[in-house]
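What's counted below: heavy atoms across the whole structure, side chains too, no hydrogens, waters or symmetry copies. Lettering follows sequence order; numbering is per chain, from 1.
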Amino acid sequence: MLEITSTPLVLIAILGTVGILLPIISIARKEQGSNSFYAVIAFAALILSMGYVGYQFYAENIASSALFSEDVIVDDAFGGFFAIAMLIVAIFTTVGSFNYMRKHNSPAVYYSLILLATIGMVLVAYSTDLIMLFVAWELMSIPTYILVGYMKKNPSSNEAALKYFLFGALSSAIIVYGISISYGLTGSTNIGEVIQGYSTLDPSMLPLALLSVGMFIAGFGFKMGLVPFHQWLPDTYEGAPPTITALLAAATKKAGFAATIRIVVLGMVVLNLDWTLALGIIAVMTMTIGNVAAIMQKNISRMLAYSSIAHAGYILIGLAVAPYSSLGLQGSLYQIMNHAVMKGAAFIAVTGIVTTLAVTHIDKLQGLGRRMPITALGLVIALFALAGIPPLSGFWSKLMLFGSALDAGSVIWWAPWLAIAGVLNSALSLAYYGWITRKMYFEGETEKRVAEPKSIIAVMIFSTIFLVGFGVYPEPLIKFVEFATPIISLDLMP
Amino acid sequence: MAIESFGLPFEIGAASAWLVWILPFAAALIIPGVGKLSKHATGYVAVAFALMSALSAASLLPMALEAHEIHDQIMWIDALGLKAGVLADPLSIIMANVVGWISFLIMIYSTGYMKGDKDITRFWFWMLFFIGSMQLIVLSDNLLQVFFGWEGVGLASYALISFWYRDKKKDHVGVEGRTVLGMLDYYSPTHAGMKAFIMTKVGDVMMIAGMLLIFLFAGTFGFKELLEDTTWATTMSAQGLLVPAFLLLFGGAMGKSAQFPLNEWLLEAMTGPTAVSALIHAATMVKAGVFLVARIGPLVFALGAAGIMADQFFEVIAWVGAITALLLATQAMVNPEIKKVLAYSTGSQIGYMMMALGVAGLSHQYVDGYTAGFFHLISHAMFKASLFMAAGFLLHSVGSRFMTDMGGLRKQMKKTYAFMWAAGLGLMGAPFITTGFWSKDAIFASVYESGSEWALPLYIIAVVTAMITAFYTTRMLGMVFFGKKSKHIEKMEEEGHHIHDAPLSMWIPYGILAVLTIGIGLIGLSAEEGLHSTFVDYLENSYGIHTEHITEEASILPEFLQGLNPVALGSSLVAFATGIGLGYIFYIGRWVDPVKFINSNIVFYAIHKLLLNRWYLNAIIYWCFVVAPLWLARGVFRYFEKTAIDYGMNAGVQKAVGWSAKVVQGTQTGVSQSYLFVFGAGLLFVVLILLI
Amino acid sequence: MEYALLQAVFLPLLLSPVAYVIGRKVGPTHAMWFTFAILLYTTILVINAALSGTVEEHYPWTEQFGEFGFLLDGLASPFAIMIYVLSTILAIYSKPYMVHKFHEQFEEEQKINTSGSGQTSIVESSSLTNYVNAKSGLYFALYLVFAMGMLGTVLSTNLIEFYVFFEVMLIPGFFLVALWGDGPRRKIGLMFLFWTHAGAVVLLLGFLMIGLTIGSFDFADINESEIPPDIVMLSAVAISIGLGVKLAVFMFHIWLPYVHGSAPTPISALLSPAMIGIGAYGIFRLIVEFLPAAYADLAIWFHIWGLVTMIYGGAMALMQDDLKRMLAYSSISQMGYILFGIGSISVLGLAGAEMMYVTHAIGKGILFMMAGIIIVKVGTRSISKLGGLAGKMPITAVCAVIGALTIMGVPPTSGFMGEWILFFGALETAIEEGSTLRAVTFGLGLIATALTMSYMLWMLKRIFFGKTPEHLEHVKEGSWYMTAPMMVLAGFSIVVGIYPDIFLKTIIPYMNGVLGV
């Protein structure tokens with residue numbers, strides 16, 4: 001049994017309590033629009049959670065790598081790692097909303113939904129049981145459906161919510177179907193037992209097992225934004241409030257990866273290894289289509305949405321070569337952490353731009369370097385980090401990912417091609433990141449400076465310090481990633 | 001040690017050898033500073049330093065007579081174990097004196113010639129640089145250091161030929177608008193400078209290739225070291241690389257000395273101030289090539305004596321020299337520009353020197369040809385410097401480079417008239433009284449006596465060239481000084497320009513040289529014998545080339561001509577007489593109008609045109625090496641760089657990405673149904689891959 | 001001195017914000033002197049370190065990717081010295097050029113503003129001053145980072161560190177081009193960023209292959225370990241391509257004419273001589289030193305590729321009318337020389353190639369400065385519109401001639417010392433191997449020097465000689481800020497040309513060691 005002080009339980013307690021209390025308080029206070037009050041509470045709750053996770057790591061109360069457990073959740077470093085990444089994004093979102101929500105109604109519910117979604121995400125990462133995972137998955141998804149459509153008078157927000165919900169429901173159904181198959185085959189919903197069951201499976205049943213894995217890939221792939229399950233994503237990201245887009249792109253996406261790593265990647269070891277190729281192909285498709293589509297975009301949210309599709313492709317490289325190279329999952333995890341910060345910061349910067357200048361069209365970003373220097377600088381650093389240019393943190397994770405693919409080359413022939421595709425894509429992506437930079441800094445230099453929201457500045461400062469700091473001296477982060485990365489081995493089975 | 005009898009310790013000898021070339025460079029360095037203070041003073045400083053350099057060269061002369069040598073080295077490029085040094089042996093000492101003193105006279109002349117030029121500081125800088133570089137070539141003890149001087153003279157010639165860089169019309173050479181095979185035969189100073197630099201660079205490229213080949217096998221650039229241990233030559237010879245290496249070295253000499261086929265730059269080099277032309281033609285640049293051949297020739301011959309044969313080297317030199325001598329002499333017969341006539345003549349005379357140095361290696365008595373060639377170098381330096389300086393004055397006072405714009409000047413400029421005749425006679429080889437006669441006769445004799453299989457054709461070319469030389473020199477003198485005054489001069493006099501004789505600073509230098517031409521000519525035979533015996537000792541001591549002493553049989557010649565070859569003497573006299581006679585008929589006596597004569601017959605007309613168009617060589621070189629490459633480069637630029645590289649890679653990649661982005665965009669319809677379809681297809685795809 | 005190299009690399013980076021503030025608050029002159037002082041100090045540190053022989057410094061960094069170190073040895077020191085010497089000198093030169101550029105841009109912007117409002121406003125001098133101050137602060141800050149990136153690359157002791165610095169110099173470069181370039185500067189800035197980054201990631205692939213195979217990215221480990229032949233070849237090809245883009249050799253030179261043509265001239269003068277040559281440094285260090293097996297196979301290709309680049313760059317330079325583009329193609333050609341030298345598997349060929357870097361840095365530095373002076377003082381960069389400037393700007397003309405001679409390889413400039421050693425190396429291998437191919441490339445290479453001479457002399461003729469067009473009657477010589485740096489370099493060229501031991505005595509022992517002679 002889990003102890004009461006274990007990280008996931010405490011997080012549920014903190015975030016859940018606050019999340020439920022917020023609307024109640026708002027009803028009690030009978031006032032609408034006091035945005036910063038609720039924001040501060042939500043922020044405090046998130047910081048507290050973050051602090052607790054940090055403390056648990058510091059106090060070495062957390063097991064070093066992902067374990068399967070007989071419980072439905074486990075307090076391991078893998079989950080803790082994701083929890084940190086997601087909490088960072090949730091904090092970004094909350095801080096970004098300080099300013100954004102000022103003009104919108106019912107902030108209490110808004111923050112409450114963010115907190116609830118955060119619980120869902122975190123729990124997905126901690127889950128060791130398929131049913132638990134599914135519950136967490138829905139806990140994460142449902143608040144975000146609402147959040148995406150939060151601006152009820154905005155048609156594109158509504159369309160975004162609709163599409164998101166439609167595909168969310170579809171993918172949930174597919175996941176449930178996958179769970180049911182695996183339950184049918186192994187008689188258990190505990191991930192560890194499922195995997196063990198698969199390893200001793202009757203060969204005639206193998207296709208069914210593979211079908212279930214395929215279902216999982218498709219179902220989680222929806223959240224991860226893998227091609228060809230990605231098409232809802234740009235529409236949704238563009239229509240949703242940018243703060244929520246940050247949450248979707250930087251955090252819920254990662255929940256998909258967490259689930260995939262727990263179920264699919266660790267499960268792969270016991271099944272026919274050839275199907276890592278499927279992940280490889282999807283990875284190449286995802287990053288290529290994401291980057292190519294991003295190049296022509298005129299809307300910055302949409303461009304970043306495609307960029308996040310492309311990044312899903314990079315992360316998937318690590319998953320695809322995970323059985324062949326120890327660097328693979330490390331790289332993926334590293335990239336997940338970096339991407340959370342980079343993409344989160346980028347969308348928060350967009351939030352700042354939207355709230356102060358009300359523009360999202362890239363051509364309208366002219367002279368942003370002058371109008372909003374700090375936001376622009378933060379955005380540029382985030383973009384260059386996304387492009388993987390040293391000495392920014394994004395470089396190291398890409399280095400590990402491509403390195404893992406090359407490393408795996410000694411075992412499996414197609415792995416280096418992933419690295420080559422990744423590298424070429426990475427170069428290609430610089431074209432559109434550079435394009436935004438060009439618009440912001442090199443055009444329309446006559447604009448006057450406008451006041452930048454302080455909350456946005458705070459996020460920018462944090463992300464810049466994170467990206468540059470860990471870019472120049474990456475050792476702590478690398479150590480952390482190594483600590484959190486599960487080692488793929490059958491010995492881990494309970 | 002013999003030197004001590006002059007009261008000079010040996011070290012001072014070494015120091016003065018260094019000083020010979022360091023002084024002009026040092027002066028060049030301070031000249032810009034002096035120029036800042038006073039432009040007027042630059043001339044004095046430059047002349048003073050040139051004099052000091054010449055004096056240090058002179059201080060070495062006693063050693064040359066004793067056939068001693070100074071070899072002094074310092075460390076230079078330590079990393080490669082290369083040393084710098086001076087090698088003052090009789091060859092280089094005599095050469096250094098020729099260069100030093102003639103340049104000194106030219107410098108004096110320049111003070112008058114360049115008076116009032118606003119870029120005078122630059123002029124002096126480059127003149128000193130030129131002299132310094134030449135002396136560096138002469139006194140260096142290794143090829144790499146020679147190459148420094150070698151490129152130095154190239155650079156200085158570039159700077160001085162295009163000295164009047166503003167490209168005014170009067171500074172051009174050639175007839176404006178005249179074309180040969182579609183190539184303009186009219187050159188601006190800057191164009192001419194470039195042409196000279198690039199064309200000689202072709203020679204330099206060959207030379208450096210030869211140098212590097214030798215360095216590769218010998219591990220040294222030093223002349224003395226190359227001689228000490230000749231195993232390198234054996235190895236190279238075994239690999240068949242020895243002759244190519246020497247020929248490549250000779251390639252450098254061909255470029256600098258304007259030998260066929262790298263001769264074409266020399267004509268345009270006339271765009272420079274005339275003092276520069278004098279320096280280039282008499283003392284520095286073109287003589288560098290001859291000097292180089294004289295420097296390495298004994299080495300090659302000594303190798304040959306040791307059994308490592310490199311006869312082809314000498315054959316090529318002899319033939320290149322002969323062809324150049326004839327080719328350029330023929331062109332000198334028809335050219336209307338006085339400086340160009342002199343330029344052609346220089347190339348032709350250098351050809352003589354090359355021929356002699358080449359033939360020397362083919363005969364048993366190396367020293368005969370060697371002395372002949374070198375003696376001709378000295379005498380040519382004197383009379384050609386004199387002629388150029390005088391011609392410079394003519395240009396100066398008449399204001400035109402065309403001889404057709406002169407005529408009848410003998411009364412107005414008596415001194416110039418006299419000196420030009422004296423120097424001109426030297427060029428023609430007027431018998432018994434001029435240095436030119438003795439040196440040319442020595443060449444004839446050495447060719448005739450060489451015993452080479454090529455002796456006869458070479459000899460015929462030499463004699464024919466001598467005849468042509470006498471003709472064109474007479475033509476030049478006749479056109480300038482005889483006949484009626486040209487319309488140009490009459491017009492000038494109408495406008496009030498009075499034509500007068502040269503000022504002191506100008507006529508003294510060319511006067512001295514003209515007088516020397518005759519003066520040394522009078523004692524020519526003994527001068528030659530002196531040089532001969534010096535070289536006999538030198539070759540014996542330094543290279544171990546032994547000269548057999550032949551006791552001459554009494555010939556049919558009179559007492560004072562004993563020792564001369566009667567055949568050579570006879571043909572020399574005939575050639576001189578024929579040449580000067582023909583010249584007299586057309587240009588001094590003016591019994592036949594040359595223009596009518598040429599037009600009287602299609603053959604004469606064609607030959608005249610061929611010669612005037614420089615055998616079409618220049619035009620062909622331009623077509624092949626300037627027009628064609630430019631055309632090619634333009635083609636590549638337009639149809640490859642601009643399209644394949646620039647457009648293809650930049651715009652092309654951009655377009656391709658844009659196009660694929662559009663395709664990808666096309667799938668993003670915004671319609672949920674189609675998304676669902678894709679989603680389903682994707683699921684199917686994943687499952688299929690897994691199952692397969 | 002302890003931490004000398006660490007200081008040399010990081011002082012400029014750490015003080016770059018200070019330069020920004022000084023520029024902003026005080027003005028370009030002070031910012032310039034501040035930048036100059038930092039770079040002078042660090043240059044002295046580097047030279048001082050180089051004099052004391054091989055210097056190594058190591059600092060802990062990451063476990064997985066190795067340590068962070070600096071190594072100044074016979075190979076790195078000429079590169080390092082030239083990079084910082086040029087940076088230091090060009091800092092002074094930057095001031096008048098950039099102020100001129102800022103004025104131009106300010107006027108342009110004013111024009112846009114007034115045409116928008118339909119009124120003519122008087123340019124306020126205070127707003128101009130503020131504008132110039134702000135821009136010059138940014139300029140010098142970026143300048144310092146750029147210089148530091150280049151130095152860091154050549155001092156790296158770790159593949160990843162090398163890559164990091166390799167990219168670090170790209171970013172300020174991109175900003176400098178895109179902010180203050182000429183022509184379609186934004187597009188060209190992006191082009192620069194895109195292509196060199198594309199090259200860099202290919203390079204990274206090669207690095208990863210090596211590093212992962214032997215399990216370490218440290219140079220020291222790579223040097224000692226045995227790498228399987230197939231990996232060696234693959235990674236060497238990837239590294240060559242990656243560095244080839246930086247070196248802008250034939251087919252990979254797409255970006256260079258644009259970028260050199262457009263970049264603000266002091267930056268062109270750094271980009272061209274200092275930066276692209278770092279590609280050559282990379283080939284020396286990574287392929288020649290660490291992957292000798294691959295080097296032996298690739299050398300002949302380098303040789304031929306270098307030759308083609310030499311001739312191609314030279315031929316294209318002949319066709320240019322834009323002065324800076326012409327110099328850019330000349331740089332391509334010169335990089336061909338370097339590659340040609342690397343392709344000769346001989347101590348002297350390699351030493352010559354490195355000397356070529358030094359001499360190209362000097363010569364091309366001078367020529368770009370000349371171009372800058374002409375742009376500032378004449379206002380055009382089209383060669384066909386120039387002529388007869390020698391009389392108007394004598395100092396520039398003299399320095400330009402020396403620079404051109406350096407590129408042509410005419411003694412007594414340093415160019416000759418690079419060239420003859422280089423060609424000797426090529427000949428040596430040709431003869432030793434008895435290879436006709438190599439003999440032919442040697443000959444063609446020598447002929448290419450005549451081509452170099454042709455385009456250089458033709459350029460000089462068209463700019464400085466001939467008739468002066470009427471519109472150039474009132475052209476004046478550049479200020480001392482611009483001419484003095486040129487004169488220093490010109491003098492340096494001759495000093496190195498006469499006494500090449502300054503560099504050769506460190507290069508030759510290193511090359512001996514590398515080739516195991």
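Between C:Phe207 and C:Tyr163, the ring planes are perpendicular. Angles over 60° get that label, and only those under 30° would be called parallel. Ring pair A:Phe483/A:Phe57 is perpendicular by interplanar angle, where above 60° counts as perpendicular and below 30° as parallel. Ring geometry, A:Trp396 versus C:Trp61: the interplanar angle exceeds 60°, so the pair is classed perpendicular (tilted spans 30 to 60°). Ring geometry for A:Tyr314 against A:Phe402 counts as perpendicular: the plane angle is over 60°, on a 0 to 90° scale with 30° as the lower cut. Taking the six-membered ring where the residue is Trp, C:Phe70 and C:Phe10 present perpendicular rings, their angle passing 60° and hence far from 30°.
Using a 4.5 Å cut-off between heavy atoms, C:Leu193 contacts chain A through both its backbone and its side chain. When heavy atoms are compared at a cutoff of 4.5 Å, A:Phe395 approaches chain C solely by way of its side chain, counted from C-beta outward. Proximity to chain C is limited to the side chain of A:Thr437, based on heavy atoms less than 4.5 angstrom apart. Contact of A:Ala405 with chain C is not made at all, since no heavy-atom distance falls under 4.5 Å. Interface residue A:Lys479: only side-chain heavy atoms are found under 4.5 Å from chain C. For A:Leu392, no part sits under 4.5 Å from any heavy atom of chain C, backbone or side chain. The part of C:Pro60 that comes within reach of chain A is its backbone (N, CA, C, O), which places non-hydrogen atoms under 4.5 angstrom from that chain.
When C:Ile160, C:Val168, C:Leu208 are compared by the number of non-hydrogen pairs under 4.5 Å with chain A, C:Leu208 comes out ahead. Most heavy-atom pairs under 4.5 Å with chain C, from the set A:Ser426, A:Ser404, A:Ala427: that is A:Ala427. The candidate with the highest count of non-hydrogen atom pairs below 4.5 Å against chain A, out of C:Leu204, C:Ile231, C:Ile171, C:Leu212, is C:Leu212. Heavy-atom pairs under 4.5 Å with chain C peak, among A:Leu406, A:Leu424, A:Ile420, A:Val472, at A:Leu406.
Between C:Leu128 and C:Val132 there is a side-chain heavy-atom pair separated by less than 4.5 Å.
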- Trace of the side-chain hydrogen bond (donor to acceptor under 3.5 Å, both in side chains) decision for A:Ser307 with A:Tyr433: CA-CA 9 Å; A:Ser307 145; A:Tyr433 297 131; 2.9 Å; yes
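Side-chain atoms of C:Asn158 do not come within 3.5 Å of backbone N or O of C:Phe68 as any donor-acceptor pair.
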